[in-house]
Amino acid sequence: MLPVNRMKPQSRASSSWSPSGVDLADSRRKPHFLWRTIFTALLIIGCILVLKHSSEHRVTTAFSQHEHGVTHVLVTGGAGYIGSHAALRLLRTKLKHLLWQDNLSRGNIGAVKVLQDLFPEPGRLQFILADLGDAKAVNKIFSENAFDAVMHFAAVAYVGESTLEPLRYYHNITSNTLVVLEAMAAHRVNKLIYSSTCATYGEPEKMPITEETPQHPINPYGRAKKMAEDMIIDYSKKPGMAVMILRYFNVIGSDPEGRLGEAPRPELREHGRISGACFDAALGIIPGLKVRGSDYETADRTCVRDYIDVTDLVDAHVKALHHAKSGNVGIYNVGTGKGRSVKEFVEACKKATRAEIKVEYLSRRAGDYAMVYSDPSKIKKDLNWSAKYTDVEQSLATAWRWQKVASQRLPPVALEGSGGGPAGAAAGGGGVIAPPAG
């Protein structure tokens, strides 16, 4: 019997750990677990409501809501020479909102300040410091703004430099353009005005250059631009896309009212435009000009270029924006239709500056070619655009007035290049370089 009596309490003890005992313990915890679950659910719902409210708040801002028509444009490379002039021109239209991006690697915050002072109205103008190589930053810009169109200027733009640093050019021009296209696709922005260059044609057998001239670029700058063009054209087959590609020639001049201009950084003068080198020589910053190449097969043995005034150029961009049609790709040369040699250009610069400029002739620069000038008849027919500022001496005189003022200020208001820099410096300095400082 003892063994049986001993088993009874053991049996009772064992019964306290039976499954029924576990259910009893869990049932006591269920109210606490239920309240914790409800609290967590309420917390999650609260977070969702906060995020939704925040999103709705962004939609109500001036830059992040869609309006009828083209009212909000993104200008990449907007603090550079051409990009800043384009921003100024756009703000003088009925455009309500403009956001311009630049990484200031070659652009200048001074240009931003000039336009902010000219257009101080809230919600009209917004500058964002960002690099197009940063896909997350670019996506954030698009997610917070309701863009109707993109004007893509940002690119390094020196032919000579591109032969020394080709990978930089492919990354900055081709790869960064891909980032812009991906952001446009993700956020359903369907209108693009692309700043290209006549450097994509290379050295054609026949002049003048038409839009049908075969593209055979001979330097990394031209090749990088052509690759970007190819990507854009392939992507333009997406339903609803409206694309304009502007291939322009050597850009000169500055804002006629003296608000913006061009002044290459000292370290870039060796690769810079012919106009910058001429002005440096006229100002006494350098002892004279060093012309690369005097053995070309041209009338005076120096290379020939088509010089387009920046005011005409940005007008062409605005017309392209207004004429861009869904399902269509427009490709246009933007030039005067007339070629001028380096010697002719230097003589015009001497007259504009009233300065004696010493000229020394050196061997050719890698990547340059003898003669390039446009046939602008297509853009005249389709967009009703033609160059108005075709007097090179007058364009240089306008730029010279700005240069004299800018040379007394540090830093200059607008520098060559941006984000890094506007494209379109066909053939770099047209065969003209300035020696490095010192």
Side-chain angles (χ1 to χ4, degrees), residues 54-55 57-67 70-93 95-157 171-173 175-195 260 314 317 321 411 413-423:
S54 175
S55 174
H57 176 71
R58 287 197 302 269
V59 169
T60 60
T61 66
F63 289 96
S64 56
Q65 60 181 351
H66 281 289
E67 301 177 43
V70 178
T71 64
H72 190 184
V73 175
L74 167 64
V75 175
T76 69
Y81 171 41
I82 303 171
S84 61
H85 283 77
L88 174 60
R89 178 66 179 82
L90 284 167
L91 288 165
R92 291 171 59 194
T93 68
L95 187 73
K96 289 185 178 180
H97 314 295
L98 186 141
L99 184 145
W100 51 349
Q101 165 278 336
D102 207 293
N103 66 7
L104 298 181
S105 63
R106 293 187 178 180
N108 194 290
I109 196 67
V112 179
K113 186 178 185 304
V114 167
L115 294 196
Q116 287 175 334
D117 289 344
L118 288 172
F119 302 93
E121 311 94 303
R124 189 79 195 281
L125 176 65
Q126 181 182 190
F127 174 73
I128 291 185
L129 178 65
D131 194 312
L132 295 185
D134 185 344
K136 288 184 179 179
V138 174
N139 187 68
K140 186 173 186 292
I141 292 172
F142 275 80
S143 68
E144 295 177 351
N145 293 274
F147 297 124
D148 299 303
V150 175
M151 275 193 184
H152 183 26
F153 292 95
V156 284
H171 175 82
N172 182 275
I173 294 173
S175 178
N176 286 4
T177 297
L178 177 60
V179 173
V180 172
L181 290 175
E182 289 174 335
M184 290 180 66
H187 298 278
R188 299 179 182 178
V189 181
N190 294 327
K191 188 170 290 188
L192 173 65
I193 313 301
Y194 183 59
S195 167
L260 297 168
V314 297
H317 279 78
L321 177 65
V413 170
L415 292 176
E416 174 66 22
S418 70

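Residues take their numbers from the sequence shown, with the count starting at 1.
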Exam field: side chain H97 to backbone G123, donor-acceptor pair closer than 3.5 Å: yes
Ring geometry between Y194 and H152 (parallel below 30°, tilted from 30 to 60°, perpendicular above 60°): tilted
Side-chain donor/acceptor of T76 to backbone N/O of A154, under 3.5 Å: yes
Non-neighbouring partners of H317 that pass ring-ring contact (aromatic ring centres under 6.0 Å, His included), sequence neighbours left out: F153, Y248
Shortest non-hydrogen contact between N145 and Q126, atoms and distance: OD1-NE2, 3.6 Å
Side-chain touch L129/I109, heavy atoms, less than 4.5 angstrom: no
Any side-chain heavy-atom pair of V179 and L132 under 4.5 Å: no
From CA spacing to verdict: side chain to side chain contact (heavy atoms under 4.5 Å, CB included), V138, N176: CA-CA 10 Å; V138 174; N176 286 4; over 6 Å; no
Minimum side-chain heavy-atom gap L88-L118 below 4.5 Å: yes
Under 3.5 Å donor-acceptor, S84 side chain and Y81 backbone: yes
Gap separating the CG atom of L91 from the CH2 atom of W100, nearest 0.5 angstrom: 8.0 Å
D148 (side chain) donor-acceptor with H72 (main chain) under 3.5 angstrom: yes
Under 3.5 Å: donor-acceptor pair, side chain of Q101, backbone of G77: yes
Point-to-point distance, once rounded to the nearest 0.5 Å, from NE2 of H187 to CG of N139: 3.5 Å
L95 backbone acceptor or donor facing R124 side chain under 3.5 Å: yes
Nearest-0.5 Å distance, CG of residue L74 to NZ of residue K191: 14.5 Å
For A130 against I141, the heavy-atom pair lying closest together: CB-CD1, 3.9 Å
From CG (L115) to CZ (F127), nearest 0.5 Å: 11.0 Å
Heavy-atom check, side chain of F119 versus side chain of L98, under 4.5 Å: no
Check against side chain to side chain contact (heavy atoms under 4.5 Å, CB included), N103 and D134: CA-CA 11 Å; N103 66 7; D134 185 344; over 6 Å; no
Check: V112 and D102 side chains under 4.5 Å, non-hydrogen atoms: no
Distance in Å, L99 CG paired with E144 CD, rounded so as to fall on 0.5 Å steps: 10.0 Å
D131 side chain to G133 backbone, donor-acceptor under 3.5 Å: yes
